[in-house]
Amino acid sequence: MPIRHLSTRQIACLALALLAISQAAPALKIDDRHRITFSQARTQLTLAYIRQHYDSQATSIQIRPVMIVVHWTASNTLASALAVFQGDTLSGRADIQGGGKLNVGTHFLVDRDGTVYRLIDENLLARHVIGLNRSAIGIENVGSDDLTAAQLQADAQLVAYLKSKYDIQYLIGHLEYRRFVNSPLWQEQQPNYFTRKVDPGADFMARLRAGLAQQGIVLKAAP
C-alpha cells in the first residue's frame with residue numbers, strides 16, 4: 001500500500017519500526033583468525049581427558065551440545081587470554097592438575113569490544129567446565145567482574161545463534177555448574193573433582209537472560 005494511503009497511526013508505527021531496525025545491534029560476526037588446530041597431540045590429550053573423566057572406552061572427542069556455559073577469563077586483554085588457551089598442555093592451575101594434562105579451552109572468546117572469536121569447533125570437546133564438557137559449549141569473556149555492555153550484547157547474539165544451530169536447552173554461568181551434579185548430563189567419574197567458581201557473576205547472567213527473554217529465548221538454568 002502506498003504511504004499516502006496509510007493512516008497517521010500506521011505511519012507512526014512504521015516510523016517506530018524503522019527506527020528500531022536502524023538502532024538494532026549489528027549482525028553477529030564470528031572471527032576465526034585465532035582458531036586452535038587440533039594436532040595429533042591435542043587430539044590424544046583430549047581423548048585421554050574424556051577417558052579419565054567420562055568414559056574409559058571412548059574413541060571420539062566429539063560432543064553433543066545441549067548446554068552453553070558462560071565464563072570470564074580473569075585476564076585483562078585478548079592477548080593474555082589467548083596465551084592461556086592456545087597451548088595443548090595445561091600450565092600452572094594447581095587446582096586442576098590432577099584432572100589431566102589437557103589444557104583448558106573454550107569454543108568462543110569474546111573481547112572487551114564485543115568481537116567474537118571462535119577458538120574450537122563447537123562439536124569438539126573443550127575443557128572449560130567440570131562434569132559437563134561432553135554436552136557444553138563454552139563462551140569466555142575477556143575480563144572479570146567488569147564485563148562490558150558490548151560483551152553482554154555479543155553473548156546474547158552468540159547464544160541465539162547457537163540455539164538456532166543446535167538443540168540447546170540450558171544456559172548457565174560457570175558459577176552454576178554444580179546444580180547439575182545429580183543430573184543425567186553430569187558424567188564426572190572423579191567424585192571429589194570440583195572447583196569453586198563465581199564467573200561470570202550472577203548479575204551478568206541475570207542481564208543476559210533478560211535480554212534473551214526479550215527475544216523470546218528462554219533456556220533452562222537447572223536440570
Rounded to the nearest 0.5 Å, what's the gap from CH2 on W72 to CG on D145? Could you check? 5.0 Å
Ignoring hydrogens, what is the shortest heavy-atom contact between [X] and [Y]? Give both atom names and the distance.
X	Y	result
Y54	Q189	O-NE2, 2.7 Å
H128	V69	CE1-CB, 3.9 Å
S75	S80	CB-OG, 3.3 Å
H107	I63	NE2-CD1, 4.2 Å
G114	A154	O-CB, 3.3 Å
L219	Y170	CB-C, 4.1 Å

For the hydrophobic clusters of this structure (ILVMFWY residues joined by side-chain heavy atoms under 4.5 Å, transitively), does one cluster hold both L185 and Y193?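 Yes, because L185 and Y193 connect within a single hydrophobic cluster, where side-chain heavy atoms sit under 4.5 Å apart.
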Tell me whether N182 at atom CG has more than 12 heavy atoms from other residues, nucleotides or ligands lying less than 6.0 Å away. no
Is it the case that more than 12 heavy atoms not belonging to N76 sit under 6.0 Å from its CG atom? no
Name of the residue among E188, R127, Q187 meeting side chain to side chain donor-acceptor pair (under 3.5 Å) with H53: E188
Which one of I96, L45, L102 satisfies the side-chain contact (heavy atoms from CB on, under 4.5 Å) criterion with L90?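 Of the listed options, the one satisfying the test is I96.
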Ring center gap for F85 and H34 short of 6.0 angstrom: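 Not close enough - the centres of the two rings lie 6.0 Å or further apart.
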Output, in order, the C-alpha distance, side-chain angles, deciding distance and verdict of side-chain contact (heavy atoms from CB on, under 4.5 Å) for L171 and M205. CA-CA 9 Å; L171 171 67; M205 289 306 302; 4.1 Å; yes
Less than 4.0 angstrom from a charged side-chain N to a carboxylate O is my criterion; do K101 and D88 meet it? no
Which of parallel (below 30°), tilted (30 to 60°) and perpendicular (above 60°) describes F194 and Y177?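 Taking Y177 first and then F194, their aromatic rings sit tilted (interplane angle of 30° to 60°).
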